[in-house]
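I have placed the structure first, in the form of structure tokens, so that the comments after it can refer back to it.
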Amino acid sequence: MVRRVRAEIGSAMFSTGSKYFFGITFLGAVSFAIYMLLIGESAIGATALFGLVGATGLLTALVLSTRDGSKDEEGVAASTAAPTASILPLIGAIGATLLLVGTITSPVVTLFGIVALLAAIVEWAVLSWSERASSDAAFNASLRKRLLNPIEFPVIAAVGLGVIIISFAQITLAIDKSVGAIAFIVLGSLVLAVGVLFSVRPSLKRGLVIGICVVGALGIVAAGIAGAGVGIREELVHAKEEGHYMHQECGAEKSKYFDKLPLEGVSATSSVDTHIDLIDGKLVASVQGIAGDQKTITIPRSNATNIVFRNMSDGEYRLVASLGSKMVTTDVKEDVVQCTQLIPQGSEQMLTLNIPKPAEAGKPFTLTVPGLTGQSIEVIVP
Amino acid sequence: MRHQNTTDHGTTAVNRLAGMRRRVVGSIAGLAGTMFLAGCATNAPQDTFQPKGPNAKIIDDLQKPVFAVAGIIGVFVTVVVIIAVFKFRDKGQPIPHQSHGNPALEITLTIIPALILTVVGVFTFRTVFDLAKTSDTEMIINVTGQQWWWEYDYPVQNEYGITQPIITSGQLVIPAGTKVLLRQTSRDVIHSYWIPALNGKRDAVPGRVHLNRIEADKPGIYAGQCTEFCGLSHANMRMEAVALSKADFAKWVANQLKPYASPAENTLAKEGETVFMNQCIRCHQVNGMKRADGTPVIAAPDENMVSGAAPNLSHLMSRNTFAGATFDLLNKSCREDVWGAESESFGAKYLGGVSEDCLNQTDLRGWLRNAPAMKPMYANPALLTSSGGKYRGMPNLGLTESDIEKLVAYLLTLK
């Protein structure tokens, strides 16, 4: 049966012309993908290849739908029937509009436009072809389903799942953290309860099951849209504006954001230039290749140098690198400081220094631990 | 008639084939002869079979017996194969008796190579561990590779009189008879440091520090070459290690630590200093140089170069090379005088530096006139899109002949 349908689809669908154009389209698409990966989207070649794919794709669709313009008897008989009304041209038109609008607004809009346009073209071409496959409308419809359903179902499922996930995300970003936890405990319980209901009552009417699922999904989507309308909660807005999870606060005291959940281990071992150890309140450096503890380290300028700070003293400490100053404007200088997070005893964290210029005379760079006096490692950049 | 033509054609084809065979055999023999004779070259500063230090000697002590064993086996196998090919070639004789499997022979032929490889392996491992040892290090030098030159910085080491860090390039200066540990890294791509007379090769990898020990038995200059393909001018990324006696090394250190001396007023060199401050200081640092208002002049190679660095030109004329050791700062006769010097007199000649009489004016002026024309580099301002406008190598600065004249006079003061 499957073989028969494959043969029918194959012989009926892929005419000589369509094979040719389909081949060029496929080759163009592959070349476009490789070009984007290797050279990038800004090059003119990417535009040219995309244009080729679009043009040959359109020709493929035309040739498919007209079967190379052949007038076989079945086709002639089928073509006498009026085509089915379809929403696909409208989707295609929206896709084309989005594509054009996206070129002057956002690449995301362009992407949506391309997806909508390609989907409409493919769907419409196959619909048009299947309606003229034979004079039997039912057979034509089954042909279309056999061809497109294996693509449509996974794509629709993925899109639906994506919408639900985005809606969840919008809800969690909008509501308070503690409320969010309660809301999702309730929601999770509801999903569990409905699932149990479906399993213990298999005789439930199909319409009822579909209705419950649709109402649930619509509820989540509606809540997600409402959440997006409200916007992310104030705390996150501030975090984004201030960048305080990234902003290094290098004092002795614990920083509310920067020191939150400090990394306590370093996996890189082969790329470490120097270990700075805080042992019983004393700061010592052990440099790869140099025997004994050091109080001065020399590192090349303009090169990433990895330094691992190991806290072996009781309490939480951080390593601070004071790297001189830089001109912010023509008159204003700013101290350049880098630091690790505050880490507990037995932990280690990496600091990568990249110092472009040697220190000014008399002002060597230093590595210190806030809260410890008289302990520092001198960093010399020749 | 037709038969006659066919015979003629056949004879011609056979003659052609014979001629071709002669040419091929002649070419192979010529190539083999050239390669054989190349081994007799006396002026071969990068000869791996002439170790001039204990680390290279360790490698040499391993590779010579291994080479001998491998050579004997190779020759033996080749001869046996040739004898078998010729003696037992098809002459129409009946096919000899065919036998399959000979356990005793197969086990023997497995055990013998295994034993040979085990012995070679034991000595190889011992050599590898010996070369990786750092506990006996007497001196540390940081080595940083970038396209296409090497930078050497000497951390403070009071026992050698290095009370301030020293930075130089092109020539690595070491005390002879001293176990020196090179801490190698790279600012851009992978390079490989290799001075064959002093040790094997060791990669310089961005973000990592690789250790490489070298030691020279006697004072002298030892040539090397980057051995990891690193871009356009990889072939021009040379290096030279200069070994000095301990006393001479102390003099070299003292000279490197001398403070900067600005040229006297109203001299060509002073004008050259101004040109240097306007043009060269964008990338090249000269330690101690100050502006008229007393502020230190700090170069900004990080803003102009992909690697973020350009050679520090402090005490340039104490080196014998420039542009990544691609060109000599000494003219031919002075260079030969230094390179050909005996160990005892070498130090004094090297420490003499580059005088005006010995300066290789041709190459230095050519370099200042149009550097990319002398050494291939990515330094065309119109082709820097992929590097964010930064250069790989020195660009053509468009200096006038007058500027070049002044700069040469100034550079000669950087003793």
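Note that the coordinates shown come from a computational prediction; the quantities given were computed from them, not determined experimentally.
Within residues 369-382 of chain A, the residues that have a heavy atom under 4.5 Å from a heavy atom of chain B are I380(A), P382(A), listed by number. Within residues 300-307 of chain A, the residues having any heavy atom closer than 4.5 Å to a heavy atom of chain B are P300(A), R301(A), S302(A), N303(A), A304(A), N306(A), listed by residue number. Using a 4.5 Å heavy-atom cut-off against chain B, the contacting residues of residues 273-286 of chain A are D273(A).
Counting non-hydrogen atoms of other residues, nucleotides and ligands closer than 6.0 Å to NZ of K415(B) gives a total above 12. More than 12 heavy atoms of other residues, nucleotides or ligands lie within 6.0 Å of OH in Y260(B), so this atom counts as buried by the packing criterion. The number of heavy-atom neighbours closer than 6.0 Å to CG of D314(A), taken from other residues, nucleotides and ligands shown, is 12 or below.
At a 4.5 Å heavy-atom cutoff, the contact between A299(B) and chain A is made by backbone atoms alone. The part of S307(B) that comes within reach of chain A is its backbone (N, CA, C, O), which places non-hydrogen atoms under 4.5 angstrom from that chain. Neither the backbone nor the side chain of Q164(B) comes within contact range of chain A; no heavy atoms are under 4.5 Å apart. Contact of Q146(B) with chain A is not made at all, since no heavy-atom distance falls under 4.5 Å.
Side-chain atoms of T298(A) and V156(B), non-hydrogen and from C-beta on, never get closer than 4.5 Å to each other.
Proximity of a side-chain donor or acceptor of R183(B) to a complementary backbone N or O of Q288(A) within less than 3.5 Å is detected.
In this structure, CD1 on I299(A) lies 10.5 Å from OG1 on T144(B), to the nearest 0.5 angstrom.
Among the candidates T137(B), D302(B), V205(B), the residue making the largest number of heavy-atom pairs closer than 4.5 Å to chain A is D302(B). Between chain A and the residues T185(B), L211(B), T134(B), D188(B), the most heavy-atom pairs under 4.5 angstrom are made by L211(B).
Contacts of R202(B) classified as side-chain contact (heavy atoms from CB on, under 4.5 Å), with partners at least two apart in sequence or in another chain: Q184(B), H210(B), N212(B).
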